[in-house]
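Here's the structure, in structure tokens; my notes come after.
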Amino acid sequence: MATVDLRDVRKTYAGNVEAVKGVSIAIADKALCVLVGPSGCGKSTLLRMIAGLETITDGTVAIDGKVVNTTGPAERDIAMVFQNYALYPHMKVYDNMAYGLRNRGTPRDEIDRRVREAAEKLELGALLDRRPRELSGGQRQRVAMGRAIVRNPKVFLFDEPLSNLDAKLRGQMRVEIKNLQRSLGVTSVYVTHDQLEAMTLADTLVVMNAGRVEQAGNPLDIYEKPASTFVASFIGAPPMNLLSLSQNGDGPALPDGAKLAAAPKGAATLGFRPEDAEATVANGAAHEGLSLPATVEGVEPVGAESFLYCAAGGGRIVVRVAGRATANPGDRLEVKAKPEKLHWFDREGRRVSSI
Ligand SMILES: Nc1ncnc2c1ncn2[C@@H]1O[C@H](COP(=O)(O)OP(=O)(O)OP(=O)(O)O)[C@@H](O)[C@H]1O
Ligand SMILES: [Mg+2]
């Protein structure tokens, strides 16, 4: 049982580099919290402060309600899994997994029981006598997981543990990590810059930008209601289409004779997801919501679906269509979206609630 609470946590590195600028996150017992954001936004710094590997400039980190700011990493009862696995190359898999326990003076039969139990869970049973160089990337990753599991920690911390693996293996390991985390019921914080990994793993998703939390919550809620243009363009692939609105006498408007349902006051940017739009041959039929003349610039078939890249509304947009696209570059189409599928953002890029 463990909760992790961050209150207004800050980190300023030497040279006045403000890496984390006041982050508050409450992580429930047994939950998997994913920190996602672009390179340099402070994810690893935050994780290392939770682990005790980095000092905390200001604010508090509490585990199970107890502030641990000055507690050493070994006393925090945390296990961390890194991107580069950090396995000992000269040690067999068994010894790599047993190392931390031996260091703590755990009795030999207890170590043996825990290592074999973890190896069983991770399907590493047949590989215990191999050395890391004799393993595939995915197997090495599992050994790194095993080493974390045997310690039976209160909290798991993961820093981009899958980024060295190819796409297919990453997908498999993602499912394995999620299942393992669920079955072990260990509170976890997982850092990635991969939005798909973040969406699929997270119980709670925290989107970070430049040392701050942009939005935190249930991943699908964030997908459906991004709080800012930053989140809208970071979560989802391809990202949400964003078009700048101009102000005319009637309020916010799009160029090019596009038709737009009444926009809320203060809206400066219109957003809609590629899958929430429909592209048809222009037929002049009445339509509520958005109706946008578009010129196809490129077509990307990916099998089950295709992406139409278009010039429209004074910018560029993507429309997702099921199966094979019949459109070709140069075609003129009409892109439509229902009023409830439109997102509005103000000049600062903050979400404006619909009218
Ligand atoms: N030891 C350090 N000294 C000074 N600045 C640092 C140090 N470590 C990190 N930084 C800076 O702090 C900021 C946040 O770095 P951090 O490693 O936390 O980012 P990140 O979100 O993990 O990025 P990535 O996705 O690339 O791993 C960056 O601007 C980085 O250059
Ligand atoms: Mg990092």
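Along the sequence shown, residues carry numbers from 1. When a ligand or atom number is given, it counts from 1 through the structure's own listing order. Hydrogens, waters and symmetry mates play no part in the numbers below; they use all other heavy atoms, side chains included.
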* Does a side-chain N-to-carboxylate-O contact under 4.0 Å join Glu297 and Arg316? -> yes

* Is the closest side-chain donor-acceptor distance between Arg174 and Thr200 under 3.5 Å? -> yes

* Structure fact -> Checking heavy atoms under 4.0 Å, the part of Met208 that sits near ligand 1 is neither

* Asked: Under 4.0 Å from atom 14 (C) of ligand 1, is there any protein heavy atom?
  -> yes

* Say you draw a straight line from CZ of Phe82 to CG of Leu47; how long is it, rounded to the nearest 0.5 Å? -> 8.0 Å

* To do: For atom 12 (O) of ligand 1, grab the closest protein heavy atom and report residue, atom and distance to one decimal in Å.
  => Ala19 CB, 3.3 Å

* **Closest protein heavy atom to atom 26 (O) of ligand 1, given as residue, atom name and distance to 0.1 Å** => Ser39 OG, 2.5 Å

* **Any side-chain donor near an acceptor of the partner, Thr55 and Lys11, under 3.5 Å** => yes

* Specify the protein heavy atom at minimum distance from atom 18 (O) of ligand 1: its residue, its atom name, and the distance to 0.1 Å. => Thr45 OG1, 2.5 Å

* Structure fact -> Note: ligand 1 atoms sitting under 4.0 Å from heavy atoms of Gly42 are 14 (C), 18 (O), 19 (O), 20 (P), 21 (O)

* Does Lys30 offer a backbone N or O that forms a donor-acceptor pair with the side chain of Gln181 under 3.5 Å? -> yes

* Asked: Hey, which atoms in ligand 1 end up nearer than 4.0 Å to a heavy atom of Glu160?
  -> 25 (O)

* To do: Among all protein heavy atoms, pick the one closest to atom 17 (O) of ligand 1 and tell me residue, atom and distance.
  => Ser44 CB, 3.8 Å

* Asked: With a 4.0 Å cut-off, would you call Asp112 and Arg116 a salt bridge?
  -> yes

* Structure fact -> atom 25 (O) of ligand 1 sits nearest the protein heavy atom Lys43 NZ, 2.8 Å

* Is the closest heavy-atom distance from Lys11 to ligand 1 below 4.0 Å? -> no

* Closest protein heavy atom to atom 9 (C) of ligand 1, given as residue, atom name and distance to 0.1 Å -> Tyr13 CE1, 3.4 Å

* If a pair satisfies side-chain hydrogen bond (donor to acceptor under 3.5 Å, both in side chains) and one of its residues is in residues 40-50, list it, with sequence neighbours excluded. => Tyr13-Thr45, Ser44-Asp159, Arg48-Glu54

* At what distance is the nearest protein heavy atom to atom 28 (C) of ligand 1, and which residue and atom is it? -> Gly40 O, 3.8 Å

* **Gap between atom CD1 of Ile235 and atom CD of Glu214 - 0.5 Å precision** => 10.5 Å

* Asked: Does ligand 1 have an atom that lies less than 4.0 angstrom from a heavy atom of Cys41?
  -> yes

* To do: State, without any angle test, whether Ser291 and Glu334 hold a side-chain donor-acceptor pair at a distance under 3.5 Å.
  => yes

* Any N/O/S atom of Ser44 sitting less than 2.8 Å from the Mg ion (ligand 2), backbone or side chain? -> yes

